[in-house]
*Asks:* 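Input: one structure, supplied below.
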Amino acid sequence: MSQSGLVVSRAVVRRNYAVLPPEGMATSVLPEWRDTVARVLAAPAMGARFAQYLLEVAPGGGTQQALREGVQTFLYLLEGEAELELNGKSHRLAAGGFAYGKPGSRFGLRAASQTRLLWLKKVYVPFERMHPGDLVGDEAKVKGETYMGIEGLLLKTLLPADLAFDMAMNIFTFPPGFSLPVIETHVMEHGLYFLQGQGVYYLGETWSEVKAGDFIWMGPYVPQGFYATGGTPSRYLYYKDVHRDVEL
Ligand code: UGY
Ligand code: MN
């Protein structure tokens with residue numbers, strides 16, 4: 001006898017994109033993180049050129065670590081509260097709080113309550129003698145901008161549009177019925193976490209239903225589009241590699 005849900009899944013993994021619904025995300029133990037349930041959302045094993053994780057940290061749990069030279073990081077708190085120590089400076093993060101750590105950062109995180117966060121690591125691609133600096137912020141304090149002149153379609157860019165940075169972390173908000181204005185096809189990758197709402201995502205040559213809690217990896221040149229459905233605005237946080245020429 002089969003149990004409901006075991007034989008049906010929205011998970012799709014293709015050469016250049018993947019959709020991972022939360023119920024099928026298997027858990028991992030990461031040795032650097034105490035009292036933490038980790039889910040590896042994106043990794044080089046799937047074709048991604050970065051790593052992204054969903055972490056559930058129990059109160060008092062967390063990490064103390066030094067990133068490998070040349071590896072930068074980004075954290076975004078979905079839920080809970082945590083103390084962050086980033087290269088010797090202390091910060092308090094609550095839901096919507098985020099932090100960027102420069103390449104080779106030393107950081108520590110201690111959850112003050114049950115905490116859920118997104119964590120991303122990427123090898124930094126240098127340009128001239130520029131060096132990105134650490135940054136800590138709160139999404140609520142970032143002003144959104146109208147995207148491509150479409151009133152209501154809002155884009156928040158959490159990292160500065162500065163050539164020192166080789167990555168962007170953005171939050172898109174789509175009121176119900178709104179969509180991306182075009183089907184995009186670009187060399188940049190995305191690691192996309194669906195924060196709120198639901199919709200249909202065009203990936204490759206098919207539409208997939210997606211909703212809060214889903215993760216989508218889009219590799220280079222995957223055609224992509226989105227329509228928000230449902231009764232509440234849809235919001236997603238996404239990573240994008242930017243500001244660098246193609247490596248030959
Ligand atoms: O910035 C972007 O490439 C964005 N418009 N892509 C996306 O939302 N899939
Ligand atoms: Mn895109």
Side-chain angles (χ1 to χ4, degrees), residues 10-21 41-42 46-50 52 54 72 74 76 78 98 100 118 120 122 125 132 135 137 139 142-230 232-247:
R10 292 184 296 111
V12 183
V13 180
R14 298 276 186 267
R15 181 190 64 79
N16 59 354
Y17 71 89
V19 179
L20 305 180
L41 304 175
M46 124 202 288
R49 289 170 298 169
F50 61 98
Q52 191 165 349
L54 175 64
Q72 60 194 330
F74 182 87
Y76 179 90
L78 295 164
F98 62 89
Y100 167 85
L118 292 166
L120 189 137
K122 177 193 181 294
V125 181
L135 198 117
E139 187 226 311
V142 179
K143 208 173 145 291
E145 289 186 7
T146 300
Y147 186 70
M148 288 175 77
I150 303 166
E151 218 49 60
L153 193 52
L154 208 69
L155 187 70
K156 287 186 179 186
T157 49
L158 305 187
L159 298 181
D162 174 335
L163 289 184
F165 287 84
D166 73 345
M167 57 182 267
M169 294 298 305
N170 302 336
I171 297 181
F172 240 135
T173 304
F174 300 76
F178 278 57
S179 66
L180 281 176
V182 293
I183 299 289
E184 308 170 357
T185 309
H186 51 63
V187 67
M188 303 81 131
E189 276 186 277
H190 292 317
L192 183 160
Y193 187 81
F194 226 90
L195 298 168
Q196 180 189 302
Q198 65 180 72
V200 282
Y201 227 100
Y202 185 75
L203 296 161
E205 293 157 11
T206 49
W207 288 96
S208 299
E209 274 196 286
V210 293
K211 58 180 182 170
D214 288 355
F215 176 77
I216 304 175
W217 168 61
M218 288 170 247
Y221 293 109
V222 66
Q224 57 200 257
F226 177 66
Y227 265 97
T229 61
T232 57
S234 291
R235 277 162 39 86
Y236 59 71
L237 169 66
Y238 69 99
Y239 153 83
K240 181 174 186 174
D241 48 314
V242 293
H243 298 158
R244 295 295 182 267
D245 197 358
V246 172
E247 282 185 46

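Each ligand, and each atom within it, is numbered from 1 in the order the structure gives.
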*Asks:* Is the contact between Y239 and ligand 1 made by the side chain, the backbone, both, or neither, using heavy atoms and a 4.0 Å cut-off?
*Replies:*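 Y239 to ligand 1: no contact under 4.0 Å from either part.
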
*Asks:* Any heavy-atom pair between the side chains of E189 and F50 that's under 4.5 Å?
*Replies:*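 Of all side-chain heavy-atom pairs linking E189 with F50, at least one is under 4.5 Å.
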
*Asks:* Relative to each other, are the rings of F194 and F226 parallel, tilted or perpendicular (30° and 60° limits)?
*Replies:* perpendicular

*Asks:* Measure from the side-chain N and O atoms of R244 to the backbone N and O of L163, and report whether any donor-acceptor pair falls under 3.5 Å.
*Replies:*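 Yes, because the side chain of R244 sits within donor-acceptor range (under 3.5 Å) of the backbone of L163.
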
*Asks:* Determine, using heavy atoms of F226 and all atoms of ligand 1, whether some pair is separated by less than 4.0 Å.
*Replies:* no

*Asks:* Please state whether H186 comes within less than 4.0 angstrom of ligand 1, counting heavy atoms only.
*Replies:* yes

*Asks:* So which protein heavy atom does atom 5 (N) of ligand 1 come closest to, and at what separation?
*Replies:* E184 OE2, 2.5 Å

*Asks:* Could you please compute the angle at the Mn ion (ligand 2) from OE1 of Q224 to OE1 of E184, rounded to 10°?
*Replies:*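 An angle of 90° at the metal.
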
*Asks:* Counting only heavy atoms, which portion of M188 has something under 4.0 Å from ligand 1: side chain, backbone, both, or neither?
*Replies:*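 No part of M188 comes within reach of ligand 1.
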
*Asks:* Under 4.0 Å between a side-chain nitrogen and a carboxylate oxygen: does that hold for R10 and E209?
*Replies:*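 Answer for the salt bridge query: no.
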
*Asks:* For ligand 1, which atoms sit closer than 4.0 Å to a heavy atom of Y236?
*Replies:* 7 (C), 8 (O), 9 (N)

*Asks:* Is D166 salt-bridged to K122, going by a charged N under 4.0 Å from an acidic O?
*Replies:* yes

*Asks:* Under 3.5 Å, N or O to N or O, is Y201 touching ligand 1 that way?
*Replies:* yes

*Asks:* Are F215 and L54 close enough that some pair of their side-chain heavy atoms sits under 4.5 Å apart?
*Replies:*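 No, side chains not in contact.
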
*Asks:* I need the nearest protein heavy-atom contact for atom 1 (O) of ligand 1: residue, atom name and distance, please.
*Replies:*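 Protein heavy atom at minimum distance: Y238 OH, 2.7 Å.
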
*Asks:* Can you sort out which atoms of ligand 1 are near K240, meaning under 4.0 Å from one of its heavy atoms?
*Replies:* 1 (O), 2 (C), 3 (O)

*Asks:* Would you check if the side chain of N16 reaches a backbone N or O of G219 as a donor-acceptor pair within less than 3.5 Å?
*Replies:*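 No; judged by distance alone, with no hydrogens or angles, the pair does not exist.
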
